[in-house]
Amino acid sequence: MRVLVVGAGGVGSALASIARRRPFVEHLVLADVDAGKAQATVDRLADPRRFQAARVDASSTADIAALARHHHVDAVVNACDPRFDPPIFEAAFQAGCTYLDMAATLSEPHPEKPYELTGVKLGDAQLAQHDRWVEAGQLALLGIGVEPGLSDVFARYAADHLFGAIDECGVRDGSSLVIEGHDFAPRSRSGRPSRSA
């Protein structure tokens, strides 16, 4: 399998490191707007026959599709901020590749009644293209980050290798944070409850 990973940050670099231990990954191109960051990861992997760094602008569908075609990749893995999902998703489609991302396209509040009505939900923009991908015979795996993605992989591993039977598997994400006088307590970047909630 030949893979293009777009984004050489923590997720993309970790993917490349894991791929090094997977013999089915014949060739992996780690691409980032900062080619030096991608190259530093590739250098650490010490396998230039299988791993290569490249520069790509994640906001450019044309550049990503061209890079995918140039390296004859089978799959494009989006390891970028979800704001880049639309151009990377479209590039994978145009290049005829399987697409994988860690998080789906972002939600948007309802334009007139953001507190009363649902706007665009997480992943709606990509899911709306389902038929187009099916007709092209291509596969897109969306939102395969920690949950539900990685937690599903863990559950499947447990079912296949650790237990004879599993009656139920539950994934919980959240906390019981409370800020007196407020119904909602989001976390700040520091991980502590935001006092502006």
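Just so you know, these numbers use all the heavy atoms, side chains as well, and skip hydrogens, waters and symmetry mates.
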Subject >> Check: His71 main-chain N/O paired with Arg2 side-chain donor or acceptor under 3.5 Å >> reply: yes
**OP:** With sequence neighbours excluded, tell me which residues meet side-chain hydrogen bond (donor to acceptor under 3.5 Å, both in side chains) with Arg44.
**Re:** Thr41
Original post:
Can you check side-chain contact (heavy atoms from CB on, under 4.5 Å) on Arg50 and Val25, steps first, answer last?
Top reply: CA-CA 8 Å; Arg50 289 177 61 211; Val25 178; 3.8 Å; yes
Original post:
Which atom pair, heavy atoms only, marks the closest approach of Thr105 to Leu122?
Top reply: O-CD1, 3.2 Å
Original post:
Can you tell me how far the CD1 atom of Ile144 sits from the OH atom of Tyr99, to the nearest 0.5 Å?
Top reply: 9.5 Å
Original post:
Can any side-chain N or O of Glu108 pair as donor or acceptor with the backbone N or O of Gly119 at less than 3.5 Å?
Top reply: no
Subject >> Pair Arg132 + Glu90, salt bridge at N-O below 4.0 Å >> reply: yes
Subject >> Pairs touching residues 106-132 that satisfy ring pair (Phe, Tyr, Trp, His ring centres under 6.0 Å), sequence neighbours left out >> reply: none
**OP:** Would you kindly check if the NZ (Lys) or CZ (Arg) of Arg20 is within the cone defined by 45 degrees around the ring axis of Phe51 and under 6.0 Å from the six-membered ring centre?
**Re:** no
Subject >> Spacing of CG belonging to Leu30 relative to CG belonging to Leu45, to within rounding of 0.5 Å >> reply: 8.0 Å
Subject >> Shortest non-hydrogen contact between Ala8 and Ser13, atoms and distance >> reply: O-OG, 3.0 Å
Original post:
Where is the tightest heavy-atom contact between Pro87 and Ser59, given as atom of each residue plus distance?
Top reply: CB-O, 3.7 Å
